[in-house]
Trainee: 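I'd like to ask some things about the structure below.
One-based numbering, in listed order, for ligands and for the atoms of each. A quick note: this is a predicted structure, and the numbers were derived from the prediction, not measured.
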Amino acid sequence: MKHVETILAQLGNHSDPRTGAINTPIYLSTAYAHPHLGESTGYDYVRTANPTRDVLQAGIAELEGGKYGFATASGMAAIQLVLEGLLKAGDRIVTLQDLYGGAYRYFHHMEELGVYQFEYCLDQEALEAALKEETAMVFIETPTNPLMVEFDIEAIADLAKAAGALLVVDNTFYTPIIQRPLELGADVVVHSATKYLAGHNDVLAGLVVCSRDDLGEKLDFQLNTTGSTLSVFDSWLVIRGLKTLALRFKQHEKNARAIVDYLKEEPLVTAVNYPGRGGMLSFAIKDTELISDFLQALDIITFAESLGGVESLITYPKTQTHADIPEEVRLSYGLTDEILRISTGIEFAEDLVADLKQAFDAVR
Ligand SMILES: *Cc1c(COP(=O)(O)O)cnc(C)c1O
C-alpha cells in the first residue's frame, strides 16, 4: 500500500485521462448527457454524483482505509447523515460526555424531538455499563474536545460489537495521519473537513467513510435523498488542502510540543492537557479574571472559534464551542471556566511561545 504522504500529494492526479490534468478539474456542470436511452456516463445529476466530488470521496476512503467516502456540506451534516442514514426512530445511542458542542446540541435536539435516546458517558467503564441495554450506535470522539482525553478505539469497538451496536468515530482531531479508526474496528468515521483536512480556514465541509457494503448503500441513499452534499467548488478546495496535510501536520505537532513545554513552566498555568500527539492542546489559567486581558494581549495567536488551520487560534470553550452544554454538565467532567484551547498553526514555534509569554507577562 502507498504511504499516506503519497496518497495525499497525488490526490486527483490521473483523474482526468481526457486532458491529463494534474490538478483535479472543477466540473461545475449540474447535468450530463446520456449517450443512449438507458445509458449513463456514470454521471447524471450533480446531487447524485460529480467527478470532482468523486475524487475527494475516493481519496478520503483510501486515506481512512475504507471502501466508501461521502462528502457533505459540513461536519455537522456528516454527523446528521450517519445518524439519520443508519438509525431508525427510537434507537438508543451511547456517547461520551466530553463532545464537540455542536454534536451535543444536535443530539440534545434529537432527544427533545423524541427521535433518538442518548446516554452520555464519562469514561470507558461507564460506556461498558451503558452497553448492557440495547444500543444501536456508539458515537465517540478521541481525543475528546477540549480536554484531550484519548479513548481506546479497539477496546470500544469490541464492546460495541458484542452489544450489536455500530461504532462511529469522529476523527477530526487526529485525522488519518495519526489514527485510522476503521482498521481498529470502527464501522464509520466522520470528519469535520473544515478543520485539518482542508486546513486553511477557508471552507466548510464534512466527510464520512465506511467499509461495509450495507452501510455504504444506506449512506449513499440518504445523502442523495436529503442533498446535504458538498458543493463542487468546496470539494476542490478540500482536495487542494489535503495535498499538504502530512506536511502541515508535522508543523502543527512541533508547535504544540513547544507550546506545551513552555506552558508547563508558566506559573499562571495550573494544568496542561496534551495527549503527546497532534496540534490541539488545552490549559487551565490560574484565574478566570485574567482571561479577557490575556486574550487581548495576544498578538499572533488569534482569539477565534475553529481549529486545524494554518493560523494558530485560541478558543474559550465556555463561551464559544461549548456554550450549549449546560454548566453543571460541563463542570461535572472537568471542563471548567479556566480552560482555554489552542489549535497550533504552522507558524515558527518560537514566535508562538514568545507571543504567549508576552501575553502572560502583560497580565502578570
Ligand atoms: C468542528 C467540528 C465538528 C462540526 O463540523 P463543522 O464542519 O463545523 O460542521 C464536528 N466534530 C468536531 C470534533 C469538530 O471539531
Side-chain angles (χ1 to χ4, degrees), residues 56 60 64 70-84 93 95-110 118 120 137-151 153 168-179 181 186 188-209 223 226 228-231 234-235 237-238 241-242 245 249 252 256 273 275 277-282 304-309 311-317 320-325 333 335 339 341-345:
L56 173 59
I60 191 64
E64 286 286 7
F70 303 94
T72 58
S74 68
M76 287 315 304
I79 294 173
Q80 185 184 21
L81 173 70
V82 168
L83 265 63
E84 295 179 16
I93 300 157
T95 187
L96 297 174
Q97 193 71 261
D98 188 9
L99 269 187
Y100 173 67
Y104 179 83
R105 180 172 54 202
Y106 169 59
F107 290 176
H108 198 250
H109 181 57
M110 287 295 106
F118 291 88
Y120 299 90
M137 184 179 281
V138 178
F139 183 102
I140 65 165
E141 277 174 37
T142 175
T144 60
N145 170 20
L147 296 178
M148 307 306 300
V149 178
E150 285 187 343
F151 280 79
I153 296 175
V168 182
V169 178
D170 184 332
N171 203 22
T172 301
F173 272 35
Y174 271 176
T175 82
I177 299 268
I178 293 187
Q179 87 190 350
V188 182
V189 172
V190 298
H191 280 281
S192 169
T194 314
K195 317 292 169 53
Y196 286 109
L197 301 186
H200 292 72
N201 288 320
D202 59 5
V203 58
L204 179 72
L207 294 166
V208 178
V209 184
L223 185 55
T226 59
S228 57
T229 43
L230 186 60
S231 85
D234 288 352
S235 298
L237 275 174
V238 177
L242 270 171
L245 174 66
F249 219 82
H252 289 304
N273 307 307
R277 42 194 193 159
M280 298 297 300
L281 61 107
S282 62
E305 181 170 343
S306 192
L307 66 105
E311 300 91 355
S312 291
L313 302 182
I314 188 163
T315 303
Y316 187 35
Q320 295 181 304
T321 49
H322 291 64
D324 285 311
I325 298 180
Y333 66 86
L335 179 44
I339 302 274
R341 186 189 79 184
I342 292 179
S343 165
T344 59

Trainee: Just so I know, are the side chains of T144 and F173 near enough to count as touching, which here means a heavy-atom distance under 4.5 Å?
Mentor: no
Trainee: side-chain hydrogen bond (donor to acceptor under 3.5 Å, both in side chains) with Y120: which residues, sequence neighbours excluded?
Mentor: none
Trainee: Would you check, one step at a time, whether the test side-chain contact (heavy atoms from CB on, under 4.5 Å) holds for T321 with E305?
Mentor: CA-CA 7 Å; T321 49; E305 181 170 343; 3.8 Å; yes
Trainee: In terms of side-chain heavy atoms, does E311 have a donor or acceptor partner in H200 at a distance below 3.5 Å?
Mentor: no
Trainee: For T229, which residues count as a side-chain hydrogen bond (donor to acceptor under 3.5 Å, both in side chains) partner, sequence neighbours excluded?
Mentor: none
Trainee: Distances for all N or O pairs of ligand 1 and the protein under 3.5 Å?
Mentor:
| unit_1 | atom_1 | unit_2 | atom_2 | d |
| --- | --- | --- | --- | --- |
| ligand 1 | 5 (O) | S192 | OG | 3.0 |
| ligand 1 | 7 (O) | G75 | N | 2.8 |
| ligand 1 | 7 (O) | S192 | OG | 2.8 |
| ligand 1 | 7 (O) | T194 | OG1 | 2.6 |
| ligand 1 | 9 (O) | G75 | N | 3.0 |
| ligand 1 | 9 (O) | M76 | N | 2.9 |
| ligand 1 | 11 (N) | D170 | OD2 | 2.7 |
| ligand 1 | 15 (O) | K195 | NZ | 2.8 |

Trainee: Can you name the residues that form a side-chain hydrogen bond (donor to acceptor under 3.5 Å, both in side chains) with S282, not counting sequence neighbours?
Mentor: N273
